[in-house]
Amino acid sequence: MDNKQMADLLFSHITATPEEYEEKYPKRQIEEGTVVTRFAPSPTGFLHFGGLFAAFVEKTAARTTNGVFYLRIEDTDKKREVENGVSLIVKGLSDFGIEIDEGMLSETKEKGAYGPYIQSKRTEIYQCYVKSLVEKGLAYPCFMTEEELSEIREKQEANKELPGVYGKYAKYRDITVEEAKAKIESGCEYVVRLKSPGKPENRIKFKDVIKGEIEMPENILDVVLLKKDGTPTYHFAHAVDDHLMRTTHVIRGDEWISSVPIHLQLFYLCGFKPPKYAHISPIMKEENGGKRKLSKRKDPEAAVSYYSEVGYPKGAIWEYLMTLANSNYEDWRIANPDADIEDFKFAFSKMSKAGALFDLVKLTDVSKNYISTLNAEEVYDLVVDWAKENNEKLYNLLADDEEYAKSIFAIERGNAKPRKDISAWSDVENYVAYFYTELWDRNLDFADNLSNDDMIEILEKYKEVYDANGTAEDWFPTVRDMAVDLGYAKAPKEYKKNPDAYKGHVGDVAGVIRVAVTGRRNTPDLYEILQVLGEDEVMKRFDEAIEKLRG
Ligand code: GLU
């Protein structure tokens, strides 16, 4: 009776019952084994790489079973919130192609039948469940002041006891309705605490999907469920939300492992079926021979905006995230180079218990490989998208002549061994520079093993034999024949055998042509480059080079 009166005293404004919410948010009609996950960030600023990784794992786990992945915004801590915090997260996810099935779409919009998906709009739901706990004698108002709380903390520290409000330290555990009423009427503030039935000698066990069997002491703390302003703590909101939103797998950072005893107790006392837990270890980084957590403060690559700015395509980021997520992914990729990443069978059991190691060099490598598998159209579209926001000059050049740009990206692409010159879109300006007068610095990096006169001779001769309509097959033999005519060996091997007999070899001759048209000693296929540049431009470049060599 007293409990009922207490509940009415504290929550006179709450008329709904848990049963009504159970009905409003029914069990999902999904097959056994279907996974429902959520990404549940606080809107506190930019998306961290660790957050992106968690969201990727959550999305992947749901997708693999045709399940549901939703975005819930945990904004119960108003002090840490930033303006447009929700939009920053939504954009962060969509920039990397992590689409949600349900949840927040912007600061105010959402989709899905299990909302609201932002905690500040769920206050009444939490209060309804706290009310029912009070009714069952499982929660109570606690009027302890800050001073009283620090006092017990000091005492507990001195006695080397567990800190917190419990047992004899729980001053208001047995408060009567009359006392509570008097306190409230006199203006005292209060929180609502759990009346934990836990016992110090009890232990609980649970099986973490990533970390395996874990055993811990049962929770004995009278943890706060509702703060003074009536909003829930993380613990309580987690229990209510993940129950009502019918999450099957709570995938989150392993800083929450120590709170699992509280969470399991809350699920039990509220009459909820607990979810499966999958605690992800933080992403680590190697430094000075040791390992440390990837840090928001120290590492620019900790902010996901870094990857958009450098221009790693999201397909490459996915590849990399999957290598971090499942240790067997790389082998699978080698065995299935053309398969869709979505065909890979993600498994929690293949996740690192110790924390995946972040490695920017590796990401760059993965990205290079990924980009080498794209066709010219795909590269063009992605570069243009990136350049639009990050490199206006490049964007204008590429957009001005789409066909020309695509013919550049088509060079040595689509064959069995595509080149891997581009690891991120910010490499493209340099990669395409000699195809655009606006970008090319015209610095001709000739090798120093031939004299200027020899090089002039090569270019003049090549101008005569160069055939703009020649085929790829004819190209090299033409250069070779010309080389031989001019006194160069027709192959490096031959030259090495008898260096005194030649001025150099065919490679040196091709090198002069290459530098004259591109400025560089190393480029993709020269024949293709000449084709893209076209006869007029090529001839102009030869003339300019000859002039420069003449000094
Ligand atoms: N809002 C919590 C955080 O950002 C979420 C943890 C969870 O996924 O449950 O740490």
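These numbers come from a predicted model, not from an experiment. Every number for a ligand or one of its atoms is a count from 1 in the order of the listing.
- For the pairing with E319, the salt bridge (charged side-chain N to carboxylate O under 4.0 Å, His left out) check across R333, K368, K362 returns one residue only, R333.
- For ligand 1, one of its N or O atoms has an N or O atom of R38 under 3.5 Å away.
- For ligand 1, the polar-atom distance check against P41 finds no nitrogen or oxygen pair separated by under 3.5 Å.
- Smallest separation of non-hydrogen atoms from D222 and R193: O-NH1, 2.8 Å.
- Of all atoms in ligand 1, numbered sequentially from 1 with element shown, those under 4.0 Å from a heavy atom of R252 are 7 (C), 8 (O), 9 (O).
- Under the 6.0 Å distance and 45° angle rule, R246 does not count as a cation-pi partner of Y70.
- Counting protein heavy atoms only, atom 9 (O) of ligand 1 is closest to Y234 OH, 2.4 Å.
- In terms of protein heavy atoms, atom 5 (C) of ligand 1 is closest to A40 O, 3.0 Å.
- Taking a cut-off of under 4.0 Å to the non-hydrogen atoms of E74, the atoms of ligand 1 that pass are 1 (N), 2 (C), 5 (C).
- In the model, D95 has no side-chain atom that pairs as donor or acceptor with a side-chain atom of Y307 under 3.5 Å.
- When only non-hydrogen protein atoms are considered, atom 10 (O) of ligand 1 lies nearest to W256 NE1, 3.5 Å.
- With ligand atoms numbered from 1 in the order given, ligand 1 contributes 1 (N), 4 (O) to contacts under 4.0 Å with heavy atoms of S42.
- Taking the six-membered ring where the residue is Trp, H238 and Y234 present parallel rings, their angle staying beneath 30° rather than reaching 60°.
- Defined by atom type and a distance below 3.5 Å, a donor-acceptor pair is present between the side-chain atoms of H243 and E22.
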